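To start, the structure itself, in structure tokens.
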Amino acid sequence: MEKIDRNRVTLEVDGITHRYGVRRVLTNIGFDCQSGESICITGHNGSGKSTLLKIIAGLLRPIKGDIRLSIAGQDIDSESHRKHIRLVSPEAELYDDLTGIENLEFLTRVSGMKMSHTQIESYLDRVGLHNRGNDMYGAYSSGMKQRLKLAAATITRPELLLLDEPTSNLDDDGRKVVYEIMDQHKADGILIFATNENDEVSLGGRIVTLG
Amino acid sequence: MSLWVNSVIALVVKDVRCELRTRYGLNALVLFAIITLVVVGLTAGQELLSPSMHASLIWIIILFSSMQALASSFIREEESRTAQTLRVFAAPSVVFVGKLVFSILLLAFLLVILIPLYIVLMDVSPQSLLRFVLCMALGSFGLASATTIIAAMVSKATVKGALFAVLSFPLLLPVLLPSIAATEIAFKGGDEMWGYLKVLIAYPIVVITLSFLLFEYVWNE
């Protein structure tokens, strides 16, 4: 992956409108942000938080509106957004039949990166899974799965990190790990997360309320 | 380019590793092939079958044994909710080529088991083993190339199995008919095989090129 200036990443979300069938979930949503900023998306159930994150991640095409990502002053075409964005979502699972280490090895290699075993283990340490790397992902508890998903999303050092309900299924220790990772990412990238937890909303520099 | 190849290899290794641990597709593939072969052997093994009958039988066994396994690679990604992760991490071209290579490996495995068993159980020997293997390999390659894009298309549908069979049939006929004809010639001998082999070479080239162009839309929409 090419070396980029992480201090100059900007994201523009412009007039996003989306609907499922006849039900409109997002109407003309817009905001922009740059490296070092974090945005908390909040709103009642069904207000379109997850949908908005999926649209920003390029997993869903909005019926109207545009997502523009630029790095070091250069616009990134929408096909290449994938290289710079990672999404942690309850709807995106890792592989039950691979161990924690194998999952991370696979995801780094398939996204075009090379990472040593030591580096992968250090990421597992970071999320508190240091002794469980050789266990099958399918045997993890829901909290451990959430931690591994977070490690998978951050190991490739994305410029834009999207977290959908980042602390769901986590105990207090797990929440602390997530908050640390969010803080670290905020320092040099863009962080956008969706939550309904009142004590997490304040972690966002700005708040976008949907619905 | 080497990073892209590495990504494809990573996906194939992951699929092989998961397959060896769960035997989700392999069991269906081998069991169906052996059961069908035994039934065919018991009912028709004593008869003196014509080369065209042998060619038809062997391709019917290959087709029906491989259907479920070939569809499974994409269906499993959707059902286990890993497809979204793969969409975020891997380029569509990597996913298409990785899944195609995995399908080819599955069919190669099927052929390695099926061909010797068929020759022994049905007491038949092709005039030219090399030509016979060539027909099998090219036909299977065509089968894998067409079913990869269809598997991606049906993986999000509700009735995946039935839809896969229905969509596959018209797309697979152009590869099945020349495969059967070429295999018949390999059994009985003759020089007119080249025409069929040309079709078997051209078919996957056309299908893979079109699939490669369409895959990103099929995968992301």
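To find a chain, count down the sequence lines: A is the first, B the second, and so on, and within it residues start at 1. Nothing here was measured: the structure is a model prediction, and the numbers come from that model.
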Heavy-atom distances under 4.5 Å only: say whether A:Ile85 touches chain B with side chain, backbone, both or neither.
->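 Just its backbone gets close to chain B.
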A:Thr108, part contacting chain B, at a heavy-atom distance under 4.5 Å =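 Interface part for A:Thr108: neither.
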So does A:Glu102 pair up with B:Arg21, basic N to acidic O under 4.0 Å?
->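 Yes, charged N to carboxylate O under 4.0 Å.
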For [X], is the [atom1] atom crowded, meaning more than 12 foreign heavy atoms sit under 6.0 Å from it?
| X | atom1 | answer |
| --- | --- | --- |
| A:Gln119 | CD | yes |
| B:Tyr196 | OH | no |
| A:Phe31 | CZ | yes |
| A:Tyr20 | OH | yes |
| A:Arg61 | CZ | no |
| A:Glu121 | CD | yes |

Heavy-atom donor-acceptor pair, A:Arg82 side chain to B:Phe89 backbone, under 3.5 Å |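 Between the backbone of B:Phe89 and the side chain of A:Arg82 there is a qualifying donor-acceptor contact (under 3.5 Å).
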Look at the side chain of B:Ser7 and the backbone N and O of A:Arg109, then say whether any donor-acceptor pair between them is shorter than 3.5 Å.
->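 Yes, B:Ser7 side chain to A:Arg109 backbone: donor-acceptor pair under 3.5 Å.
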Minimum side-chain heavy-atom gap [X]-[Y] below 4.5 Å:
| X | Y | value |
| --- | --- | --- |
| B:Gln84 | A:Glu93 | no |
| A:Phe106 | B:Leu86 | yes |
| A:Val110 | B:Val94 | yes |
| A:Leu98 | B:Arg17 | yes |
| B:Asn6 | A:Lys114 | yes |

Chain A contacts, top residue of B:Ile9, B:Leu11, B:Val88 (heavy-atom pairs, under 4.5 Å) =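 The answer is B:Val88.
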Determine the option with the most heavy-atom pairs under 4.5 angstrom with chain A, choosing from B:Gly98, B:Ala91, B:Ser80, B:Cys18.
->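 Winner by heavy-atom pair count: B:Ala91.
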Can B:Asn220 and A:Leu59 be said to form a side chain to side chain contact (heavy atoms under 4.5 Å, CB included), step by step?
-> CA-CA 7 Å; B:Asn220 286 329; A:Leu59 295 172; 5.6 Å; no
If you measure from CZ on B:Arg81 to OH on A:Tyr95, what distance do you get to the nearest 0.5 Å?
->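 Reported value, rounded in 0.5 Å steps: 13.5 Å.
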Looking at CG of A:Asp96 and CZ of B:Arg76, how far apart are the two atoms once the value is rounded to the nearest 0.5 Å?
->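 Rounded to the nearest 0.5 Å, the CG-CZ separation comes to 11.0 Å.
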Interface residue of largest heavy-atom contact number with chain B, from A:Glu105, A:Lys54, A:Lys149, under 4.5 Å |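 So the answer, after comparing A:Glu105, A:Lys54, A:Lys149, is A:Lys54.
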Yes or no on side chain to side chain contact (heavy atoms under 4.5 Å, CB included) for A:Leu94 and B:Thr85, after CA distance, side-chain angles and deciding distance?
-> CA-CA 7 Å; A:Leu94 302 185; B:Thr85 306; 3.8 Å; yes
